[in-house]
Amino acid sequence: MFALVDGNNFYVSCERVFRPSLVGRPVIVLSNNDGCAIARSNEAKALGVRMGHPWFQCKDFERDHGLVALSANFALYGDMSERMMVVASSYAPRQEIYSIDESFLDFTGVPGDLVVMCRDMRARILQWVGIPCGVGIGPTKTLAKLANYISKTTERKPGSYPQKLGQVCHLGAISQDELHAVFAATDVGEVWGVGKRIGAQLREGGVSTVLDLVRLDASTVRRHFSVVLEKTVRELQGTQCIEVDDQPAPKQQIMVSRSFGHAVTKGRDLATAITEYTSRAAEKLRGQGSAAGAIVVFIRTSPFRKDDPQYSATVTVPLLRPTADSALLATSAIAGLRGIYKAGFKYAKAGVMLVDLQSTDMQQGELDFDALETPPGHDREVDQGVSGSALTCHQSGQRGRAKLMSAMDAVNGRYGRGSLKLAGAGLEIDRKGWAMKQERRTPQYTTCWGDIAVVRA
DNA sequence: TCTGGGGTCCTAGGACCC
DNA sequence: TCTGGGGTCCTAGGACCC
């Protein structure tokens, strides 16, 4: 059996831990630049705020309904996530951290009543971390995911499902008839793996509930749709097709991109931003022990500003050799930027992507042909005896850079991100024109000494 | 004025190989 | 009349997830 544990309205719940006055009120958390809603309390959902709802379109709720909107505080959410994951992990032999607020637990071989254990886990996470969770249990990950949805819906809209399926919902512990009733009452679009497109296609073919989907023949689904949806159907039927992955492989690509707080027109500002993003991407790269073979740079105007001239460009810059060196990567990125930048446009967003990633301990050795050139006055035959040193010399240079990078990471780890950075990433004053807008950010209560909460007697 | 930032997997089609 | 039969690798694009 598998369980999916996830924090309810996670970002909002994190904020409520430190501002209990927000409990019971409509609250949303906004994306970067305070652009749109990315988390909503149940009260905010009830008001009709959608996921991804642009803030400027729902601002009126602030005045009319007391909606509280906060800027995203990812330092806080990341830290709260870790705390929640640690508690959850103590309940099962294996855990897959699936996203910032969700983890799968694999209970294979664990004796005892899972519902009782999961209720205990839920209570402990609530008490120790302060985050309310929903737990779904099922014989496959897809069913656990569905169970989790049902547990939430039972809480949020009483009467949708039997009350016993609230908070902790175990789809493997109810009768076949009950299970089918649950399937029949659930829209096919709620299934993990069925998105907007596939959902519409299914409905067109008369498959509108989970029950309709479960009753399809899996191999027919493969022919009409894809192997992906076939797996989904089999998982709903109770056959495990998707494993719990508790040792995720290193990422195959690393992206850092941001929309700007204000439109950017100067190449110089774009260069500052690209340098900063590259630097951040390189930190992530080193964090997973990889080196990049190429860097992709992109810039674009805002597709929402239809009256402005539009421009969007991407360039891939191959690197001479794979590297995780921030400075080398930034130099290449800027070279790429020079190739695609055009003056006269209002840029809204830029980003970099590190690709062709490989492990640093698997790196190809190489001969440095420059060092192998026979210097004048030397006998080639004689010098060949020392040709191995060219390689050694080159590699020791690389090791020096690697040490520099780990020193940089250590300083930033201890004194905070950005304490030590590339000159090209600019000072605060250089970023004024385009830095991200975060007008409603709460303190970093758990990760910054200066922001720690004070209890008054 | 104002619209996020990441990722993964699969498939189809083209280039190229023998 | 009639023009093989496999393969692999790469890329772009689509679909999904949070």
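For the numbers below, each heavy atom of this structure counts, side chains included, while hydrogens, waters and symmetry mates do not. A, B, ... follow the sequence lines: proteins, then strands. Residue 1 opens every chain.
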* **Span of DNA chain B, from the first to the last nucleotide whose atoms fall under 4.0 Å of chain A heavy atoms** =>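 Nucleotide range with atoms under 4.0 Å of chain A: B:dT1 to B:dT11.
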* To do: Go through A:Asn33 and A:Ser259 one step at a time and tell me if the side-chain hydrogen bond (donor to acceptor under 3.5 Å, both in side chains) criterion holds.
  => CA-CA 7 Å; A:Asn33 285 312; A:Ser259 296; 4.6 Å; no
Using a heavy-atom cut-off of under 4.0 Å over every strand shown, decide if [X] touches base, sugar-phosphate, or nothing.
X: A:Val355; answer: nothing
X: A:Ile254; answer: sugar-phosphate
X: A:Arg280; answer: nothing
X: A:Lys437; answer: nothing
X: A:Lys251; answer: sugar-phosphate
X: A:Ile198; answer: sugar-phosphate
X: A:Glu102; answer: sugar-phosphate
X: A:Ser259; answer: sugar-phosphate
X: A:Asp101; answer: sugar-phosphate

* Could you tell me whether the side chains of A:Thr209 and A:Asp212 share a donor-acceptor contact shorter than 3.5 Å? =>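 A:Thr209 vs A:Asp212: donor-acceptor pair found between side chains.
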Less than 4.0 Å between a side-chain N and a carboxylate O, is that true for [Y] and [X]?
X: A:Glu102; Y: A:Lys152; answer: no
X: A:Glu15; Y: A:Arg25; answer: no
X: A:Lys141; Y: A:Glu243; answer: no

* For A:Phe61 and A:Trp55, run ring pair (Phe, Tyr, Trp, His ring centres under 6.0 Å): C-alpha distance rounded to whole Å, both residues' side-chain angles, the deciding distance at 0.1 Å, then the answer. => CA-CA 10 Å; A:Phe61 289 135; A:Trp55 171 230; 9.0 Å; no
* To do: Look at atom NE2 of A:His262 and say whether more than 12 heavy atoms of other residues, nucleotides or ligands are closer to it than 6.0 Å.
  =>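 Open.
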* What stems involve DNA chain C, if each pair must be Watson-Crick or G-U and both of its distances must be under 3.5 Å, with 3 or more such pairs in a row? ->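 Stems for DNA chain C, defined as runs of 3 or more consecutive pairs: B:5-18 with C:5-18.
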* **Which residue lies more 5' along DNA chain B, comparing A:Lys59 with A:Val227 via nearest heavy atoms** =>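 Looking at DNA chain B, the more 5' nearest nucleotide goes with A:Lys59.
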* Asked: Of A:Gln252 and A:Lys349, whose closest DNA chain B nucleotide lies nearer the 5' terminus?
  ->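 That would be A:Lys349.
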* Asked: After noting the C-alpha distance and the side-chain angles of A:Phe74 and A:Tyr11, does the key distance pass the ring pair (Phe, Tyr, Trp, His ring centres under 6.0 Å) rule?
  -> CA-CA 9 Å; A:Phe74 291 112; A:Tyr11 298 164; 5.7 Å; yes
* To do: Kindly indicate whether the side chain of A:Val191, heavy atoms from C-beta on, has any atom under 4.5 Å from the side chain of A:Leu236.
  =>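 Yes. Closest side-chain heavy atoms under 4.5 Å.
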